[in-house]
Amino acid sequence: MSDVLAITEHRQGELRDVSHEVVTAGSELAEAAGGDLHLGVIGGDVDAFADAVNLEGVDTIHTVDEGEEFNHDIYTQAVEQLFDATGASLLLIPHTVNGMDYAPAVAGKLDVPVVTDAIELGYNGGLEVTREMYGSKVETTVDVDSDEAIVTTRPAEWTPTEADGDASVEAFDADIDESAVGSTVTGFEEAAGGDVDLSESEFIVSIGRGIEEEENLELVEALAETVGADLGSSRPLVDNGWLPKNRQVGQSGKVVTPDVYIAIGISGAVQHVAGMKGADTIIAVNTDPSAPIFDIADYGAVGDLFDVVPALIEEFGGEAP
Amino acid sequence: MKVLVTVKEVAEPEDDFQISGLEIDEKFLEYDLNEWDDYAVEEAVQLKEENDEVEEVVAVTIGPERSEETIRMALAKGADRAVRVWDDAFEAGEVLDPNAKARVLAAVAEEEDPDLIFTGVQADDDSIGGTGVALADELGFQWAAVVNAFEYDIDSGVANVHRELEGGVEEVTEVEAPAVFTIQTGINEPRYASLRGIRQAQSKEIAPKTLGDLGLDDSAIETPVGITDMYEPETEADTEYIEGSADEMAEGIAEILRKKGVAE
Ligand SMILES: Cc1cc2nc3c(=O)[nH]c(=O)nc-3n(C[C@H](O)[C@H](O)[C@H](O)COP(=O)(O)OP(=O)(O)OC[C@H]3O[C@@H](n4cnc5c(N)ncnc54)[C@H](O)[C@@H]3O)c2cc1C
């Protein structure tokens with residue numbers, strides 16, 4: 001019998017979706033391991049958050065009333081103490097940017113192995129984690145041969161639990177060593193708006209690193225213009241300064257939900273997919289038949305964008321540059 | 001003042017590859033410097049160029065002899081020298097536990113005694129994304145993960161960084177050195193190695209070290225975490241493929257767009 005402790009996440013006063021997802025992952029795992037599910041709610045309006053995550057499958061919610069926003073030093077200490085106090089042997093943390101900022105430190109402090117970015121969990125006396133490698137081209141099963149383990153869970157892989165529960169809520173008095181708090185969050189900034197808000201777009205032509213050179217961008221710009229779509233892109237083009245940040249689709253860019261999304265020369269990395277999998281229809285054009293984008297596309301064309309895009313422009317009476 | 005940068009040579013499978021056992025068959029792999037590390041190296045080299053106080057940028061890697069070629073790229077771009085850790089114990093396969101890797105890197109950091117350490121957010125091949133923060137914890141350093149803007153005040157020893165969160169929001173954070181920063185792509189524009197840089201890199205030192213040289217033994221990288229299966233994921237989508245020539249593909253796509261009513 002192994003108890004599970006899962007940690008929720010919030011930002012700027014809002015509980016994040018991953019909190020509901022980690023409840024699903026946690027309650028499935030707790031059931032398989034024959035233990036209880038404990039939830040940790042750390043910082044912010046802990047009572048309101050605890051209320052919101054009082055969901056089916058949760059046995060006990062522990063609130064730690066320390067700080068307003070995420071701070072990795074406080075989270076690291078609080079989670080370490082919660083793990084000990086609850087007697088849990090399995091710890092789940094969402095694999096978010098903040099999760100990446102403290103899960104390995106908790107693992108170090110507790111001297112418990114950590115497996116990151118899990119997409120599936122199994123328990124059969126020991127923990128069995130499914131995770132991807134090589135930009136989602138390969139899946140692996142990872143066994144953890146240890147009584148205790150920490151796993152970070154990939155966002156949007158588990159269906160969020162919505163049904164209400166009847167967990168008991170207990171305030172946990174964490175003993176935070178302020179001298180070990182060496183970082184201070186001073187605020188938040190939001191990326192500038194720009195000329196178009198892709199989250200409102202109905203039709204997006206999106207381009208990735210397959211375009212190779214900045215000069216080639218005019219080809220997809222011509223396509224977008226001819227078919228009347230907004231131009232989106234994957235991250236590397238924005239990193240290179242070829243397109244402004246408001247064109248970036250994905251985890252750290254825009255989440256888009258158009259009727260049609262054409263992904264051209266985009267491999268389909270998880271952080272990109274996080275921003276576009278809600279599109280009604282996804283069409284992918286890629287030279288690599290094993291590109292992960294084809295796993296989520298409704299329609300696929302295994303072809304060279306430098307041939308397909310000009311032909312498509314012509315189909316709609318435009319002229320390729 | 002010294003800056004340490006961790007770098008990794010990553011493997012990238014070709015379009016058509018095969019898995020043999022628990023690995024992708026070596027002949028389908030190409031090797032390159034990890035994309036995130038390229039940005040980390042650039043950040044360190046820029047810091048040195050802008051501040052006389054920064055005396056040295058040292059690159060450290062865990063990798064076999066083959067990886068020297070890749071590590072030289074970091075030297076060609078301006079790192080002053082490199083340390084390469086390798087040992088028979090690593091031949092058993094990729095060390096999957098970031099804290100195990102961190103123990104090795106920390107041993108190098110203890111010898112080098114840097115003020116700042118830059119790592120990539122993650123390595124492109126295994127996408128673990130935990131080594132930088134684990135390293136900070138191992139050393140008792142401060143840290144910040146997924147940094148996309150970095151400013152350092154040398155006098156006060158405080159870094160002012162942006163952490164790139166989800167959805168276009170950035171957290172602004174002050175971090176006291178000594179500290180580890182995991183660097184996100186886009187933070188700078190990594191330079192191309194110049195011919196002169198490449199030539200100079202030939203004579204820069206890449207010091208090989210074993211676990212023993214670092215005062216460690218095999219137990220440092222022992223971990224209960226191991227891969228037991230590797231396979232190509234089954235696709236859940238019933239993707240409809242549009243086949244034929246480029247013109248036929250374009251025709252097929254056009255038909256879908258018209259049917260969906262988004263283009264005429
Ligand atoms: C914390 C974090 C946040 C991130 N946030 C985002 C984000 O918001 N958005 C995002 O997009 N990424 C994000 N990433 C980066 C992500 O992991 C990938 O690196 C990125 O999405 C890859 O972009 P790409 O598909 O364009 O490039 P690649 O992965 O290099 O793919 C290029 C594709 O083009 C194909 N191709 C090449 N030539 C041609 C041709 N002639 N015709 C057709 N196809 C061709 C190739 O087969 C390949 O599949 C993030 C990463 C991290 C760690």
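Each chain gets a letter, A, B and so on, in the order its sequence line appears, and its residues count up from 1. Computed from a predicted model, the values in this text were never measured in an experiment.
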Worksheet item: For B/Ala11, is it the side chain, the backbone, both, or neither that has a heavy atom closer than 4.5 Å to a heavy atom of chain A?
Response: both

Discussion item. Around atom CD of A/Glu14, are there more than 12 heavy atoms from other residues, nucleotides or ligands closer than 6.0 Å?
Written reply: no

Discussion item. Is it the case that atom OH in B/Tyr192 sees more than 12 heavy atoms from other parts of the structure closer than 6.0 Å?
Written reply: no

Discussion item. Within the 4.5 Å heavy-atom criterion, are B/Arg258 and A/Phe316 side-chain neighbours or not?
Written reply: yes

Practice prompt. Sort A/Val285 into side chain, backbone, both or neither according to what part of it lies under 4.5 angstrom from a heavy atom of chain B.
Written response: side chain

Worksheet entry | Minimum side-chain heavy-atom gap A/Lys109-B/Asp137 below 4.5 Å | yes

Practice prompt. Would you name the heavy atoms of A/Ala311 and B/Asp247 that are closest together and state the gap between them?
Written response: CB-OD1, 3.3 Å

Worksheet item: Checking heavy atoms, do the side chain of A/Glu132, its backbone, both or neither come under 4.5 Å from chain B?
Response: backbone

Fill in: Worked verdict on A/Thr186 versus B/Thr173 for side-chain contact (heavy atoms from CB on, under 4.5 Å)
CA-CA 6 Å; A/Thr186 58; B/Thr173 306; over 6 Å; no

Worksheet entry | Contact class of A/Ile296 relative to chain B, heavy atoms under 4.5 angstrom | backbone

Item to complete: Start with the C-alpha distance between A/Glu69 and B/Arg163, add both sets of side-chain angles, then the distance that settles salt bridge (charged side-chain N to carboxylate O under 4.0 Å, His left out), and finish with yes or no.
Response: CA-CA 14 Å; A/Glu69 293 290 346; B/Arg163 294 183 52 236; over 6 Å; no

Worksheet, complete the sentence: Highest number of heavy-atom pairs under 4.5 Å with chain A among B/Thr185, B/Asp126, B/Val146 belongs to B/Thr185

Worksheet item: Should we count CG of A/Asp145 as having more than 12 external heavy atoms under 6.0 Å?
Response: no

Worksheet item: Cut-off 3.5 Å, side chains only: do B/Gln184 and A/Asp239 have a donor facing an acceptor?
Response: no

Worksheet item: Do NZ/NE/NH1/NH2 and the carboxylate oxygens of B/Glu170 and A/Lys245 come within less than 4.0 Å?
Response: no

Fill in: Region of B/Ile128 in contact with chain A, defined by heavy-atom distances below 4.5 Å
both

Discussion item. Between B/Asp124 and chain A, with a heavy-atom cut-off of 4.5 Å, which part of the residue counts as in contact: side chain, backbone, both or neither?
Written reply: backbone

Item to complete: Start with the C-alpha gap between B/Met249 and A/Asp304, add the side-chain angles, then the distance that decides, and say whether side-chain contact (heavy atoms from CB on, under 4.5 Å) holds.
Response: CA-CA 10 Å; B/Met249 287 180 192; A/Asp304 191 321; over 6 Å; no

Worksheet, complete the sentence: Smallest heavy-atom separation, A/Pro104 atom then B/Asn99 atom, equals O-ND2, 3.4 Å

Worksheet, complete the sentence: In terms of heavy-atom pairs under 4.5 Å with chain A, the winner among B/Glu164, B/Glu264, B/Glu232 is B/Glu164

Fill in: Contact origin within B/Asn160 toward chain A - heavy atom pairs under 4.5 Å
neither

Discussion item. Using a 4.5 angstrom heavy-atom cutoff, name the option from B/Ile253, B/Leu257, B/Ile227, B/Thr228 with the most pairs to chain A.
Written reply: B/Thr228

Response to the item:
From the list A/Val185, A/Val144, A/Thr76, A/Val308, the residue making the most non-hydrogen contacts under 4.5 Å with chain B is A/Val185

Worksheet item: Which one of A/Thr184, A/Asn98, A/Val106 has the most heavy-atom pairs closer than 4.5 Å to chain B?
Response: A/Thr184

Worksheet, complete the sentence: Looking only at B/Gly261, B/Ala250, B/Ser245, most heavy-atom pairs under 4.5 Å shared with chain A are made by B/Ala250

Fill in: Spacing of OG1 belonging to A/Thr140 relative to CD belonging to B/Glu94, to within rounding of 0.5 Å
11.0 Å

Worksheet, complete the sentence: Answer key: most heavy-atom pairs under 4.5 Å with chain B among A/Thr96, A/Val115, A/Val255, A/Asp117 is A/Thr96

Fill in: Choice from A/His95, A/Met100, A/Glu128 maximising heavy atom contacts with chain B below 4.5 Å
A/Met100

Worksheet entry | Heavy-atom closest pair, residues A/Pro289 and B/Asp16 | CG-OD1, 4.5 Å

Worksheet item: Can you tell which of A/Asp73, A/Asp259, A/Ile313, A/Asn71 has the highest number of heavy-atom pairs within less than 4.5 Å of chain B?
Response: A/Asp73

Discussion item. What part of B/Gln122 gets within 4.5 angstrom of chain A, counting heavy atoms only: side chain, backbone, both, or neither?
Written reply: side chain

Worksheet item: For A/Val97, does its backbone N or O pair with a side-chain atom of B/Glu166 as donor and acceptor, under 3.5 Å?
Response: yes

Worksheet entry | Residue part contacting chain A, namely of B/Leu135, when any heavy atom lies under 4.5 Å | neither

Worksheet item: Contact part of A/Ala103 toward chain B, heavy-atom cut-off under 4.5 Å: side chain, backbone, both or neither?
Response: neither

Discussion item. So for A/Ser136, is it side chain, backbone, both, or neither that comes closer than 4.5 Å to the heavy atoms of chain B?
Written reply: backbone

Discussion item. Need one label for B/Ile24: side chain, backbone, both or neither, based on atoms under 4.5 Å from any heavy atom in chain A.
Written reply: side chain

Worksheet item: Considering residues, nucleotides and ligands other than A/Asn124, do more than 12 of their heavy atoms fall under 6.0 Å from its CG?
Response: no

Worksheet item: Does A/Glu202 reach the side chain of B/Val262, with side-chain heavy atoms less than 4.5 Å apart?
Response: no

Item to complete: Look up atom CD in A/Glu189 and atom CG in B/Leu165, then write down how far apart they are to the nearest 0.5 Å.
Response: 11.5 Å

Worksheet item: Counting only heavy atoms not in A/Asp147, do more than 12 sit closer than 6.0 Å to its CG atom?
Response: no

Worksheet item: For A/Asp307, does the CG atom have more than 12 heavy-atom neighbours from other residues, nucleotides or ligands under 6.0 Å away?
Response: yes

Worksheet item: Does any heavy atom of chain A fall under 4.5 Å from the side chain of B/Glu35, the backbone, both, or neither of them?
Response: side chain

Worksheet, complete the sentence: A/Glu315 and B/Ala254 have their tightest heavy-atom pair at OE1-CB, 3.8 Å

Item to complete: Between chain A and each of B/Gly130, B/Pro233, B/Ala246, B/Pro190, count heavy-atom pairs under 4.5 Å; write down the option with the most.
Response: B/Pro233

Discussion item. With a sphere of 6.0 Å drawn around CD of A/Glu214, does it hold more than 12 non-hydrogen atoms of other residues, nucleotides or ligands?
Written reply: yes

Discussion item. Under a 4.5 Å cutoff for heavy-atom pairs, which residue among A/Ser146, A/Gly303, A/Ala297 has the most contacts with chain B?
Written reply: A/Ala297

Worksheet item: So what's closer than 4.5 Å to chain A heavy atoms on B/Glu171: side chain, backbone, both or neither?
Response: both

Worksheet item: Who wins among B/Glu234, B/Arg103, B/His162 for the most heavy-atom pairs under 4.5 Å with chain A?
Response: B/His162

Worksheet item: With only heavy atoms counted, which part of A/Leu127 is less than 4.5 Å from chain B, the side chain, the backbone, both or neither?
Response: neither

Worksheet entry | No-hydrogen, no-angle side-chain donor-acceptor test under 3.5 Å, A/Glu139 and B/Tyr231 | yes

Item to complete: Mark yes or no for whether A/Ser183, through its side chain, and B/Val175, through its backbone, hold a donor-acceptor pair below 3.5 Å.
Response: no

Worksheet item: Taking the six-membered ring for Trp, are A/His72 and B/Trp143 parallel (under 30°), tilted (30 to 60°) or perpendicular (over 60°)?
Response: parallel

Worksheet entry | Neighbour count >12 (heavy atoms, 6.0 Å) for atom CD, B/Glu14 | yes

Worksheet item: For B/Val121, is it the side chain, the backbone, both or neither that has a heavy atom under 4.5 Å from a heavy atom of chain A?
Response: both

Practice prompt. Please state whether the side chain, the backbone, both or neither of A/Lys137 comes within less than 4.5 Å of a heavy atom of chain B.
Written response: both

Fill in: Per-residue contact mode, B/Ile187 against chain A (heavy atom under 4.5 angstrom)
neither

Worksheet entry | Heavy-atom pair with the smallest gap, counting every atom of B/Val133 and A/Asp101 | CG1-O, 3.9 Å

